[in-house]
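Notes to accompany the following structure.
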There are 2 protein chains.
Amino acid sequence: MSHSLPVQSYLSYSLATAHRKVHGSLSKRLKEFNVQVEAWRVMEVLEAGNNLTMGDLAEAVLMNPPTLTKLVDRMVSDGIVHRRMASIDQRQVNLILTELGKKRVQQIREQAQLEDDAILNKLGSEKADLLHRILGELVQ
Amino acid sequence: MSHSLPVQSYLSYSLATAHRKVHGSLSKRLKEFNVQVEAWRVMEVLEAGNNLTMGDLAEAVLMNPPTLTKLVDRMVSDGIVHRRMASIDQRQVNLILTELGKKRVQQIREQAQLEDDAILNKLGSEKADLLHRILGELVQ
DNA sequence: CAAAATTAGTTGACTTGGAAAGGATTTTCA
DNA sequence: TGAAAATCCTTTCCAAGTCAACTAATTTTG
């Protein structure tokens, strides 16, 4: 069943494996709502009231700016968000979550939470916490 | 500088962040050799002598089968591998690493090792080891 | 044994992602 | 102040990924 592969010894591989599993599972959950994982993250950031520029938002949701632009295009045409030019700097763009978007994010958050709970159940809260902390340290 | 974002509390987000950072950095290193991270993994698996089917290989290198097929097409045209029909089952395909491929994987492995070493230096061997173990448990 | 079902891999149509260039605005500085 | 440089986001063009359908080979089963 499980082979012994040389790549398995790499931390980069372990990370990729774990990420793929979790992301895939979360992605499947959100597909029921026709929502991409990254779109959910955008909604969460907006719903929390963070008024970010596209650039900062891209960083926050782990995307490259051109990719975010295209995702936002889709979200606009789906009626989830709309764009507004920032008054302080007309090059900047801010996003506003629509009422539909606000409704959606509530439902979707449940699914995302379930996904995280699954990890918590698998590892136990202590190891899950430790994982969270070590990953945080890694990305600093 | 660093905002407090609601998504940050999700383990799925921490994993995505860490993976993005490490994968991006590794990808940049391998770009010097015109090699994709996944292509390197394919080479490692082959070089270790594992004679897998395309399906099993896809799983091992964390790709979907159609994506692997296309990657292998490129690797074939780059002279890194070639395909061979399996004798036991003519539907199956095995890959053979060419001499060029064998040469390449040696050089590339150094870079990949450097990337892992960077993580090790950042976390210390104890935490790095712990991370490896927890991730392993998560994907079981 | 032969038809039906399953399995392995690929192909094709479509969507998404990425690097580099482009237009618009703002900032810098001589 | 105004020309040059920098910044922000988007666009464009091309590469890579995904889903579903397809071909070929093998296995199952009536």
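Heavy-atom basis, side chains included; hydrogens, waters and symmetry copies ignored. Chain letters run A, B, ... following the sequence lines, proteins first, then strands; residues in each count from 1.
Between the CD atom in A:Q8 and the CD atom in B:E44 there is a gap of 12.0 Å [rounded to 0.5 Å]. For the atom pair CG (B:L26) and NZ (B:K28), the distance works out to 12.5 Å, reported to the nearest 0.5 Å.
In this structure, B:L57 places its CG atom 14 Å from P of C:dA8, rounding to the nearest Å. Rounded to an integer number of Å, the gap from A:K28 NZ to D:dT18 P is 15 Å. For the pair B:D89 CG and D:dT28 P, the computed distance is 12 Å after rounding to whole Å. Atom CD1 of A:I88 is separated from atom P of C:dT25 by 16 Å (rounded to the nearest Å). Atom CD of B:Q90 and atom P of C:dG9 are 13 Å apart (whole Å). Look at CG on B:D56: it is 8 Å from P on C:dA8, rounded to the nearest Å. Rounded to whole angstrom, the span from the CG atom of A:L95 across to the C1' atom of D:dT10 amounts to 14 Å.
Put simply, B:L71 and B:L97 are part of the same group of oily side chains (I, L, V, M, F, W, Y) that touch within less than 4.5 Å, one to the next.
Side-chain N/O atoms of B:R91 and base N/O atoms of D:dT26 include no donor-acceptor pair closer than 3.5 Å.
Judged purely by distance below 3.5 Å, without hydrogens or angles, the side chains of B:Q92 and B:T53 never pair a donor atom with an acceptor atom.
The aromatic rings of B:H19 and A:H19 sit parallel, their planes meeting at an angle under 30°, below the 60° perpendicular limit.
Contact annotation: the side chain of B:R74 approaches that of B:Q36 to within less than 4.5 Å [non-hydrogen atoms, C-beta and beyond].
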Once each nucleotide of nucleotides 10-19 of chain C is scored for protein heavy atoms under 4.0 Å, what B/S/- sequence comes out, 5' to 3'?
BBBB--SSBB
